[in-house]
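Only heavy atoms go into these numbers, but all of them, side chains included; no hydrogens, no water, no symmetry mates. Chain A is the first sequence line, chain B the second, and so forth, proteins listed ahead of strands; every chain is numbered from 1.
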2 protein chains.
Amino acid sequence: MNLKKYTDYSLRVLIFTGLKHGEERARIKEISDVYNISQEHVRKVVHDLVKRGLIESTRGRGGGIRLAKPAHEINVGMLVRDLEQDFALLECFDKGVNHCVISPGCSLKHVINKALGAFFKVLEEYTLEDLIHNEEELKALMGLST
Amino acid sequence: MNLKKYTDYSLRVLIFTGLKHGEERARIKEISDVYNISQEHVRKVVHDLVKRGLIESTRGRGGGIRLAKPAHEINVGMLVRDLEQDFALLECFDKGVNHCVISPGCSLKHVINKALGAFFKVLEEYTLEDLIHNEEELKALMGLST
DNA sequence: TTAAAAGGTGTATTTTGAATACATCTTTAT
DNA sequence: ATAAAGATGTATTCAAAATACACCTTTTAA
């Protein structure tokens, strides 16, 4: 059981970007340096976040990225749901693929579904703002002058 | 986000086996036929469940498998935890691999962990007995004479 | 007006781990 | 002795994720 690295990276990109204020912008290069993730990947992740409307990017010299909406409007649960598209925890979750004969009478899927619901319920209690509440500490860890 | 097919298969093997009573035993061949999973795989899964002490097997003619303990003592949560060994949802969960600089001050891992806890809390409310409460229906779906 | 800085985009390759298959062995009741 | 059952180790296939490569577009400051 695991999440994709892209989900992890996306969250980290948002955390970094969330630390910029006002007219400040984050640059892909910066993010790539801080987290030691190649620029290519960061670029992909950023691009994706732009498409999802979470990040706003400006091209050209002096450009960069910033959050497209306030951090408290970016919900962690929604984000993870979005980024992880595939939640077919059991074969029978995917109608197209399933060929388990007992699935019509099988309680397992309900149990797993209920558990998955609980998982997201917790995540939905948090927003990006909660993840950057300790702004100074994070900046220090990143080696950013404050 | 997904579970391994082996987890799925294991649960299904237990469900099948749990429908046998008294001196009755399930045979790998039977399970393989009902679920349409090759005998090879069922064998692996069964072997694993035997090692985990959930199933008792008898070799030789007239042999087969049965639960090693009553169905209500087989907890779904524990089972899934056991079968899915790897819960490194984020890179920073795995100390050996992690190289995210912000991890000492990052709240994300706590949030994800809490969610994972909620996931298992739900699963732990169920045992194999709950999964086979509708014994007759399941047997009918499997095409077993009752 | 052009060079540098920034992001955009499509495609290809590598890696990993799960899923599956193959081959052969051991045990035991009849 | 033999057939029915499970045991076990190894090899192969496959898919998806992760990563890398190449090249494009936009913007602005020198």
Side-chain angles (χ1 to χ4, degrees), chain A residues 1-10 12-13 16-17 20 23-33 35-52 54-66 68 83-91 94 97 99, chain B residues 1-10 12-13 16-17 20 23-33 35-52 54-66 68 83-91 94 97 99:
Chain A
M1 185 167 174
N2 43 35
L3 298 174
K4 290 189 242 175
K5 275 205 172 173
Y6 264 57
T7 302
D8 188 348
Y9 290 171
S10 301
R12 288 203 240 161
V13 165
F16 188 98
T17 311
K20 301 287 183 178
E23 284 309 304
E24 272 186 304
R25 287 161 190 280
R27 271 167 302 117
I28 286 179
K29 176 84 172 61
E30 256 186 303
I31 299 180
S32 140
D33 285 348
Y35 291 124
N36 233 297
I37 303 171
S38 101
Q39 279 194 55
E40 318 287 346
H41 306 157
V42 178
R43 213 176 274 145
K44 280 262 162 70
V45 169
V46 164
H47 181 214
D48 211 61
L49 291 169
V50 169
K51 278 199 291 189
R52 290 169 197 280
L54 296 166
I55 274 184
E56 214 173 82
S57 68
T58 319
R59 286 179 162 204
R61 182 178 275 204
I65 61 176
R66 61 175 172 190
L83 295 168
E84 289 284 318
Q85 75 277 76
D86 185 14
F87 295 100
L89 301 208
L90 298 173
E91 183 178 309
D94 183 337
V97 174
H99 26 59
Chain B
M1 185 168 173
N2 44 34
L3 298 175
K4 288 188 241 175
K5 276 205 173 172
Y6 264 57
T7 302
D8 188 346
Y9 290 170
S10 301
R12 289 204 240 159
V13 164
F16 188 97
T17 310
K20 300 288 183 179
E23 282 311 303
E24 273 186 303
R25 287 161 189 280
R27 270 167 303 115
I28 285 179
K29 177 84 172 60
E30 256 187 302
I31 299 179
S32 141
D33 286 348
Y35 290 124
N36 232 297
I37 303 171
S38 101
Q39 280 194 54
E40 319 286 346
H41 307 156
V42 179
R43 212 174 275 146
K44 279 262 162 73
V45 168
V46 164
H47 181 213
D48 212 60
L49 291 170
V50 170
K51 278 199 290 189
R52 290 170 198 281
L54 295 167
I55 274 185
E56 215 173 81
S57 68
T58 318
R59 285 180 162 202
R61 182 178 272 202
I65 60 175
R66 62 177 172 187
L83 295 168
E84 291 284 319
Q85 75 277 75
D86 185 15
F87 294 101
L89 301 208
L90 298 173
E91 183 177 309
D94 182 337
V97 174
H99 27 59

Can you measure [X] atom [atom1] to [N] atom [atom2] for me and round it to whole angstrom units?
{"X": "A/Lys4", "N": "D/dA17", "atom1": "NZ", "atom2": "P", "answer": "5 Å"}
{"X": "A/Leu83", "N": "D/dA17", "atom1": "CG", "atom2": "C1'", "answer": "15 Å"}
{"X": "B/Met1", "N": "D/dA16", "atom1": "CE", "atom2": "P", "answer": "18 Å"}
{"X": "B/Arg27", "N": "D/dA7", "atom1": "CZ", "atom2": "C1'", "answer": "18 Å"}
{"X": "B/Gln39", "N": "D/dA4", "atom1": "CD", "atom2": "P", "answer": "12 Å"}
{"X": "A/Asp8", "N": "D/dA17", "atom1": "CG", "atom2": "P", "answer": "15 Å"}
{"X": "B/His41", "N": "D/dT13", "atom1": "NE2", "atom2": "P", "answer": "14 Å"}
{"X": "B/Lys5", "N": "D/dC14", "atom1": "NZ", "atom2": "P", "answer": "14 Å"}

Would A/Lys44 and A/Asp48 count as a salt bridge (charged side-chain N to carboxylate O under 4.0 Å, His left out) if you check the C-alpha gap in whole Å, the side-chain angles of each, and the deciding distance to 0.1 Å? CA-CA 6 Å; A/Lys44 280 262 162 70; A/Asp48 211 61; over 6 Å; no
What is the bend of the helix from C/dT1-D/dA30 to C/dT30-D/dA1 when you compare the axis at one end with the axis at the other, using five pairs each and rounding to 10°? 10°
All heavy atoms of B/Glu30 vs all of B/Lys20, minimum pair found to be OE2-NZ, 3.0 Å
Minimal heavy-atom distance between B/Arg12 and B/Tyr35, with the atoms involved, is O-OH, 2.9 Å
Residues touching DNA chain C, which here means a heavy atom under 4.0 Å, drawn from residues 55-62 of chain A: A/Ser57, A/Thr58, A/Arg59, A/Gly60, A/Arg61
Would you give the length of the straight line joining atom [atom1] of [X] to atom [atom2] of [Y], rounded to the nearest 0.5 angstrom?
{"X": "A/Ile28", "Y": "A/Glu40", "atom1": "CD1", "atom2": "CD", "answer": "10.0 Å"}
{"X": "A/Arg27", "Y": "A/Ile65", "atom1": "CZ", "atom2": "CD1", "answer": "10.5 Å"}
{"X": "A/Ser10", "Y": "A/Lys4", "atom1": "OG", "atom2": "NZ", "answer": "9.5 Å"}

Flag, side chain of [X] to backbone of [Y], donor-acceptor distance under 3.5 Å:
{"X": "B/Asp94", "Y": "B/Ala88", "result": "no"}
{"X": "B/Ser32", "Y": "B/Ile37", "result": "yes"}
{"X": "B/Glu91", "Y": "B/His99", "result": "yes"}

Can you find an N or O donor on one side and an acceptor on the other, under 3.5 Å apart, linking the side chain of B/Lys44 with the base of D/dT10? yes
Do A/Tyr9 and A/Val42 come within less than 4.5 Å of each other through their side chains, counting heavy atoms only? no
Evaluate the side-chain contact (heavy atoms from CB on, under 4.5 Å) criterion for residues B/Thr17 and B/Ile31: first the C-alpha distance (whole Å), next the side-chain angles of each, then the deciding distance (0.1 Å), finally the verdict. CA-CA 9 Å; B/Thr17 310; B/Ile31 299 179; 4.2 Å; yes
The residue, A/Tyr9 or B/Lys29, whose nearest nucleotide of DNA chain D is more 5′ is B/Lys29
Which nucleotide of DNA chain C is the first, and which the last, in the 5' to 3' direction, to come under 4.0 Å of a heavy atom belonging to chain A? C/dA4 to C/dT11
On DNA chain C, more 5' by nearest nucleotide between B/Asp86 and A/Val46 is A/Val46
